[in-house]
Amino acid sequence: MQQTLEERSAGPLQKGAKLIVLPMNIRFYILRRIALLIPTLVGLSILTFSIARIVPGDPVGLAAGPRATEEIKEAFRREFGLDQPLPIQYINYMTGLFRGDWGESLYTRRSVIGDLRVFWPATLELTTAAVVIATLLGVPAGVISAMYRNRLPDHVARVLSLFFVSFPSFWLAMIFQTWFARDLGLFPIGKRLPVLVSPPAPTTGLFLIDSLVQLDIETFLISLRHLFIPALVLSFGAFASITRITRASMVEALEKDFVRMERAIGIPYRVIIFKYVLRNALIATITVISLNFGWLMAGAILIETIFDWPGLGLYAVEASLSLDFQPIMGIAILYGVVFSVVNILTDIVYGILDPRIRYG
């Protein structure tokens with residue numbers, strides 16, 4: 001039977017989708033991935049617990065103070081269960097973890113889960129903004145670079161990608177602080193809000209969303225000005241990788257037979273690019289975006305320290321300097337959960353972009 005024009009121009013994704021009649025079992029797939037998350041977190045907890053115990057130093061001595069006697073230090077160890085054998089300590093920690101008790105900080109005596117609720121939204125907001133900026137800049141740059149391959153736009157995009165991936169983020173952060181904050185006065189130099197501005201009532205902990213929910217446009221704009229430069233600097237590395245992988249995927253897709261056929265039958269070039277080629281190329285781009293989300297979140301420590309951003313990175317630095325292993329273990333487990341959840345969501349997006357993908 002002769003194919004219609006629509007069938008011939010649909011590309012491999014749409015044609016492949018008609019060959020599969022079995023329904024997607026996304027719900028079973030998500031439950032299976034969540035079940036696999038448990039042994040992953042157990043292995044992560046064993047690794048972080050072991051590293052925290054073999055790191056040189058005396059966290060109890062730092063928490064008790066320089067003038068603490070051995071009796072006071074021993075009382076600290078008994079209070080936090082550090083006088084028990086390591087297997088018992090680990091069992092107690094995991095039991096509390098599944099109960100929602102992630103332990104207490106040796107140094108501040110605050111609940112770790114409470115601190116994570118305070119600092120986690122700041123890092124999430126910063127990382128999400130950085131990924132959004134990198135995606136909004138990187139995907140169009142990769143598409144333009146592929147459309148004008150080996151011409152001026154392509155060379156400009158490749159040079160920018162190489163520049164941003166080569167220079168250290170702390171150097172770029174200080175340069176942007178100097179230019180935009182000190183010299184031009186366009187943006188603040190750090191923090192989430194000025195000292196005299198009260199944060200919005202915490203609904204999600206994300207200042208942009210909370211201020212919009214409460215229709216507080218002034219606080220929203222102030223939060224956006226404080227967020228822009230740290231998020232922009234954090235996004236540079238992700239922008240480079242997204243641009244390069246989008247360009248490579250687009251170039252590969254443009255050389256497919258279905259593209260030549262679509263051009264031969266008269267479909268406009270821009271329609272081919274944005275309706276068919278880009279959709280095929282986005283599979284690899286989505287993978288890089290999801291990986292960059294995890295990398296940026298883990299790598300935000302330096303940016304948060306430079307911009308005095310009160311997130312998990314700054315919290316982790318303070319805990320590390322005082323050898324406070326309970327917060328460090330909590331942060332590591334939280335990052336493990338985030339990585340796993342992002343991977344699950346990415347796999348679901350694959351099925352939306354490519355109907356041939358099925359979950360078993």
Side-chain angles (χ1 to χ4, degrees), residues 29-64 73-121 123-124 127 287 290-302 304 311-347:
Y29 172 79
I30 294 175
L31 292 176
R32 186 166 60 111
R33 290 293 299 268
I34 292 176
L36 292 174
L37 178 62
I38 297 177
T40 301
L41 294 180
V42 169
L44 179 62
S45 67
I46 294 175
L47 182 62
T48 54
F49 181 88
S50 303
I51 294 176
R53 293 308 191 275
I54 65 176
V55 169
D58 183 13
V60 173
L62 289 176
K73 294 179 182 181
E74 188 62 32
F76 259 86
R77 292 188 178 92
R78 286 196 300 270
E79 179 181 357
F80 288 95
L82 300 178
D83 59 332
Q84 299 179 358
L86 290 180
I88 302 299
Q89 291 184 38
Y90 177 75
I91 293 174
N92 292 338
Y93 178 75
M94 291 300 297
T95 302
L97 197 67
F98 285 106
R99 291 200 314 262
D101 179 12
W102 291 32
E104 290 185 358
S105 167
L106 294 175
Y107 194 74
T108 64
R109 308 300 295 270
R110 295 195 305 260
S111 168
V112 171
I113 192 68
D115 283 345
L116 294 179
R117 290 195 186 103
V118 172
F119 295 110
W120 157 245
T123 298
L124 178 62
T127 305
T287 303
S290 64
L291 292 175
N292 272 290
F293 186 86
W295 292 336
L296 292 182
M297 183 170 295
I301 294 177
L302 194 57
E304 290 183 0
L312 284 181
L314 202 58
Y315 180 53
V317 170
E318 295 174 352
S320 300
L321 293 177
S322 59
L323 298 179
D324 199 353
F325 57 82
Q326 292 280 26
I328 296 174
M329 293 173 60
I331 293 171
I333 292 175
L334 178 61
Y335 280 163
V337 173
V338 171
F339 267 89
S340 300
V341 171
V342 169
N343 286 333
I344 294 174
L345 295 177
T346 302
D347 290 343

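Each residue takes its place number in the sequence, starting with 1.
Rounding to the nearest 0.5 Å places CG of L314 at 6.5 Å from CD of E304. Atom-to-atom distance recorded for R109:CZ and F80:CZ is 4.0 Å, nearest 0.5 angstrom.
In this structure the side chain of L116 reaches within 4.5 angstrom of the side chain of I331, judged on heavy atoms. Taking 4.5 Å as the limit, every side-chain heavy atom of Y107 sits out of range of all side-chain heavy atoms of E318. Looking at heavy atoms from C-beta onward, F293 lies out of side-chain contact with L345 at the 4.5 angstrom threshold.
Not counting sequence neighbours, the partners of F119 by the ring pair (Phe, Tyr, Trp, His ring centres under 6.0 Å) test are Y315.
Paired with M297 under the rule side chain to side chain contact (heavy atoms under 4.5 Å, CB included), one option of V342, L334, V338 passes, and it is V338.
Closest of all the heavy-atom pairs between L41 and I333 is CD2-O, 4.1 Å. A319 approaches I328 most closely through the heavy-atom pair CB-CG1, 4.0 Å. The minimum heavy-atom distance between D83 and R78, with the atom names listed, is OD2-CG, 3.3 Å.
Side chain to side chain, Y90 and S50 fail the donor-acceptor criterion of an N or O pair below 3.5 Å.
Identified under the side-chain hydrogen bond (donor to acceptor under 3.5 Å, both in side chains) test for residues 323-345, with sequence neighbours left out: S105-D324.
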